[in-house]
Amino acid sequence: MRTTQDAIRHLERISVYLEVKGENPFKINAFRKAASLLEAAELDFMAIEDFTAMKGIGKGTATVLEEFRETGTSTALTELEQQVPEGLIALLKIPGLGGKKLAKLHEVGVIDADSFAEKLADGTVEAMPGFGKKTVEKYSKALETFETRPERLPYGVMRKSVSELERTLAGIDQIIRFEVGGSFRRAEETCKDLDFIISTDHPKEVKAQLLEIEQIDEIIAAGDTKVSIVLKRDDAYIAVDFRLVDDLAFASTLHHFTGSKDHNVRMRQLAKERGESISEYGVETKDGLFQPKTEQELFARYDLPFIPPELRVGRQEFEADLNMLIQEKDIQADVHMHTTWSDGTLSVDELVDACAARGYSWMAITDHSKYMKFVNGLTEERLRKQRVEIEAARKKHPEMTILCGVEMDILPDGSLDYEDDFLKEMDYVIASIHSKFDQTEEEIMQRLENACRNPYVSLIAHPTGRIIGRRDGYAVNIDRLVELAAETGTALEMNANPGRFDLTASSLAKAKAAGVKLMINTDTHRPEMLEDMKLGVLHARKAYLEPSDVINTWTAKEARAFFDRKRLGVK
DNA sequence: GCCGTTTTCGGCCCGACTGTTTTCAGTCG
């Protein structure tokens with residue numbers, strides 16, 4: 001059995017090898033495009049009958065895919081692997097080094113980082129046409145930090161730098177307006193760099209001030225329309241691009257540098273069909289240059305509604321009804337939050353006040369269970385005591401429904417941290433895994449199955465346990481978990497913490513397709529984390545979730561009816 | 001490699017920056 005992900009990786013690998021061979025860029029792109037089509041396909045890779053039925057996949061790619069499905073590999077890739085040394089592939093990560101140059105380097109004997117360092121040192125590279133002194137210096141420097149710097153950084157890490165940079169830009173007088181674009185604006189899980197679009201009538205002065213930003217580790221480029229730097233923040237190196245444009249071009253440039261690349265390609269195709277041409281400066285029409293004042297105007301020109309950044313992936317956003325999607329204002333509750341009773345920093349009273357201030361009509365207090373000793377997890381006894389405080393908060397906020405909940409650990413042996421006799425006292429129970437991440441898929445799935453089959457467990461929180469950029473999470477089989485959730489009437493979580501984003505958008509889409517209900521939760525431990533709800537909703541939108549899919553857009557009464565159906569065993 | 005009713009060949013989205021050139025290729029987004 002080969003998964004869709006395996007097939008996608010196979011195609012991407014072929015495209016990378018072709019790139020290093022210095023092949024025709026359109027050929028390289030054809031494989032990438034096919035990979036992206038598989039990712040977006042409704043059907044599983046194994047279930048697709050005719051690959052060529054997908055527009056963008058022809059005979060060549062289809063042959064590769066069929067062979068891969070049969071044998072787990074393909075002649076195309078095997079042959080490429082014989083021609084191109086593995087070590088060469090990794091060198092593509094070096095900035096300023098692409099397929100064409102790498103192909104030339106291969107001709108003179110570069111096969112990996114070590115041999116590249118040698119050829120740089122002995123003058124071979126500098127003597128080659130198209131390479132020079134500066135290039136050699138740049139590559140030598142890059143090789144020093146090669147593979148020690150991660151290629152992409154988690155959204156949560158980037159967010160800090162974005163706030164800092166926004167404060168800096170706000171302090172530069174000659175800037176008319178600015179906005180962050182790129183993968184950050186699209187709320188991707190990780191970002192390769194940050195893109196800021198800046199409008200100004202004084203690009204030279206602004207450029208000079210940008211180059212004065214504190215803690216610049218490296219200046220990559222400093223032109224009149226583009227300033228590109230690397231910042232050092234704590235241990236992280238963050239690449240930042242600033243685009244300086246005339247204010248009339250601001251909206252076009254913002255759209256262009258928000259991407260994604262595939263989204264822009266689709267937009268430009270639409271323009272081309274009408275004999276127009278879109279660039280970052282505006283739309284070239286037969287009546288001259290049209291510069292939209294806003295992105296809305298640009299979309300409207302092609303009869304499109306405003307497509308929010310998080311949906312701009314170059315696929316269904318052009319056809320889907322975006323009005324149906326969940327919005328932040330639909331959220332009525334946050335139902336996974338911690339207080340000072342375990343490892344939160346807010347008291348019950350403060351947390352309830354904060355949720356009331358956000359306008360929620362209901363919420364749940366869900367501290368850790370007793371197994372989590374090191375975060376002061378609650379015994380049955382302490383949970384009963386906590387109810388007294390919650391009762392007081394209920395009196396203070398009669399407008400809100402406050403559920404007495406708990407985030408209960410699923411123990412390594414698969415048992416749950418409390419007996420059913422106790423659980424039935426609780427209004428609401430979350431189950432989650434915080435231990436023994438190295439178990440086999442069978443063991444992990446047995447733990448999750450036990451939790452799903454418990455009548456009092458309403459939600460599985462952060463179902464994969466991953467921490468983006470730090471750990472992959474445990475060996476969960478998402479398809480099986482979705483089946484279990486559907487069968488038992490258990491909800492799954494979209495954990496909105498940007499370090500987690502767990503489940504991912506693609507898993508959320510699977511859950512929705514199976515009729516599983518979801519909850520978007522902040523897992524708040526500190527007051528500012530309540531704000532992450534916004535991010536959670538953006539991620540839910542990437543999966544095209546609608547309010548009916550997400551329990552915390554419902555009223556407390558509707559939610560409790562859902563929990564009760566499982567508790568009482570009603571189908 | 002993919003595509004196509006003005007095309008089975010010749011296009012494929014567009015522009016900036018750098019470093020190497022002596023008018024442009026390569027890379028990047």
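Sequence lines set the chain letters: A, B, ... in the order given, protein chains first and strands last, and positions in each chain run from 1. Heavy atoms only: backbone and side chains are in, while hydrogens, waters and symmetry mates are out.
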Which whole-number value in Å describes the distance from [X] [atom1] to [N] [atom2]?
X        : N      : atom1 : atom2 : value
A:Glu66  : B:dG1  : CD    : C1'   : 15 Å
A:Lys104 : B:dG19 : NZ    : C1'   : 12 Å
A:Phe31  : B:dG1  : CZ    : P     : 6 Å
A:Phe26  : B:dG4  : CZ    : P     : 17 Å
A:Lys33  : B:dC13 : NZ    : P     : 9 Å
A:Leu38  : B:dC2  : CG    : P     : 13 Å
A:Lys138 : B:dT20 : NZ    : P     : 8 Å
A:Lys226 : B:dG29 : NZ    : C1'   : 7 Å

Problem - Residue mapping more 5' on DNA chain B - nearest nucleotide basis, A:Ser277 or A:Thr61 - result: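 The residue whose closest nucleotide sits nearer the 5' end is A:Thr61.
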Problem - Comparing A:Lys133 and A:Phe257 on DNA chain B - which has the more 5′ nearest nucleotide - result: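 The residue mapped nearer the 5' terminus is A:Lys133.
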Problem - Pairing partner of B:dG10 (Watson-Crick or G-U wobble, both distances under 3.5 Å) - result: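 Pair assignment: B:dG10 / B:dC3.
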In whole Å, measure the gap between the [atom1] atoms of [N] and [M] for me.
N      : M      : atom1 : answer
B:dA25 : B:dT20 : C1'   : 9 Å
B:dT18 : B:dT23 : C1'   : 15 Å
B:dC13 : B:dC2  : P     : 16 Å
B:dT21 : B:dT27 : P     : 15 Å
B:dG15 : B:dG10 : C1'   : 23 Å
B:dT6  : B:dG11 : C1'   : 15 Å
B:dC12 : B:dC17 : P     : 23 Å

Practice task
Establish, with yes or no, whether the OP1 or OP2 oxygen of B:dT20 is under 4.0 angstrom from a side-chain nitrogen or oxygen of A:Thr135.
Solution key: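 It does, given that an N or O in the side chain of A:Thr135 lies less than 4.0 Å from OP1 or OP2 of B:dT20.
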Exercise for the section: Examine B:dA16: is either OP1 or OP2 under 4.0 Å from a nitrogen or oxygen in the side chain of A:Tyr281? Give yes or no. Expected result: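 Yes, within the criterion.
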Categorize [X] for me: base, sugar-phosphate, or nothing, with a 4.0 angstrom heavy-atom threshold over every strand shown.
X        : answer
A:Asp224 : sugar-phosphate
A:Ile28  : nothing
A:Gln269 : sugar-phosphate
A:Lys192 : sugar-phosphate
A:Lys261 : base

Selection from [options] that lies nearest to any side-chain heavy atom of [X]:
X        : options                : result
A:Arg268 : B:dA16, B:dG1, B:dC13  : B:dC13
A:Asp193 : B:dT27, B:dC12, B:dG29 : B:dG29
A:Lys101 : B:dG19, B:dG29, B:dT27 : B:dT27
A:Ser279 : B:dT20, B:dC14, B:dG29 : B:dC14
A:Lys100 : B:dG26, B:dC3, B:dG19  : B:dG26
A:Glu280 : B:dC17, B:dC13, B:dG15 : B:dG15

Exercise for the section: Please test A:Thr258 against A:Arg185 for side chain to side chain donor-acceptor pair (under 3.5 Å), starting from the C-alpha separation and ending with a verdict. Expected result: CA-CA 7 Å; A:Thr258 296; A:Arg185 184 163 179 243; 2.8 Å; yes
Problem - Residue-level proximity of residues 206-222 of chain A to DNA chain B when a heavy atom falls under 4.0 Å - result: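 DNA chain B contact set from residues 206-222 of chain A: A:Ala221, A:Ala222.
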Handout entry: Stretch residues 79-99 of chain A: residues that reach within less than 4.0 Å of DNA chain B through a heavy atom
Key =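 Hits under 4.0 Å, by residue number: A:Ile94, A:Pro95, A:Gly96, A:Leu97, A:Gly98, A:Gly99.
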Exercise: do [X] and [Y] side chains pair donor with acceptor under 3.5 Å:
X        : Y        : value
A:His256 : A:Ser279 : no
A:Asp523 : A:Asn495 : yes
A:Thr285 : A:Asp287 : no

Problem - Where the chi angle of B:dT7 falls, syn if within 90° of 0 and anti if not - result: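 Syn conformation here, the glycosidic angle of B:dT7 being no more than 90° from 0.
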Handout entry: Ring-face cation of A:Arg312 near A:Phe306 (centre distance under 6.0 Å, axis angle within 45°)
Key =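 The answer is yes, since A:Arg312 meets both limits relative to A:Phe306.
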Handout entry: A:Phe242 six-ring face occupied by A:Lys226 cation (under 6.0 Å, within 45°)
Key =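 Not satisfied by the 6.0 Å and 45° rule.
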Is a donor on one side and an acceptor on the other found under 3.5 Å between the side chain of [X] and the backbone of [Y]?
X        : Y        : answer
A:Glu297 : A:Lys293 : yes
A:Tyr17  : A:Pro85  : no
A:Thr253 : A:Glu280 : yes

Exercise for the section: Apply the side chain to side chain donor-acceptor pair (under 3.5 Å) test between A:Ser228 and each candidate in A:Asp241, A:Asp195, A:Asp193; give the one that qualifies. Expected result: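 With A:Ser228 as partner, A:Asp241, A:Asp195, A:Asp193 yield a single side chain to side chain donor-acceptor pair (under 3.5 Å), made by A:Asp241.
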Handout entry: A:Phe318 and A:His263 aromatic ring geometry - parallel, tilted or perpendicular at 30°/60° bounds
Key =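 Parallel: the ring planes of A:His263 and A:Phe318 meet at under 30°.
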Exercise for the section: Tell whether A:Asn24 reaches the base of B:dG1 with its side chain through a donor-acceptor pair below 3.5 angstrom. Expected result: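 Side chain to base: pair present.
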Exercise for the section: Please confirm whether A:Phe51 and A:Phe45 have ring centers closer than 6.0 angstrom. Expected result: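 A:Phe51 vs A:Phe45: aromatic centres under 6.0 Å.
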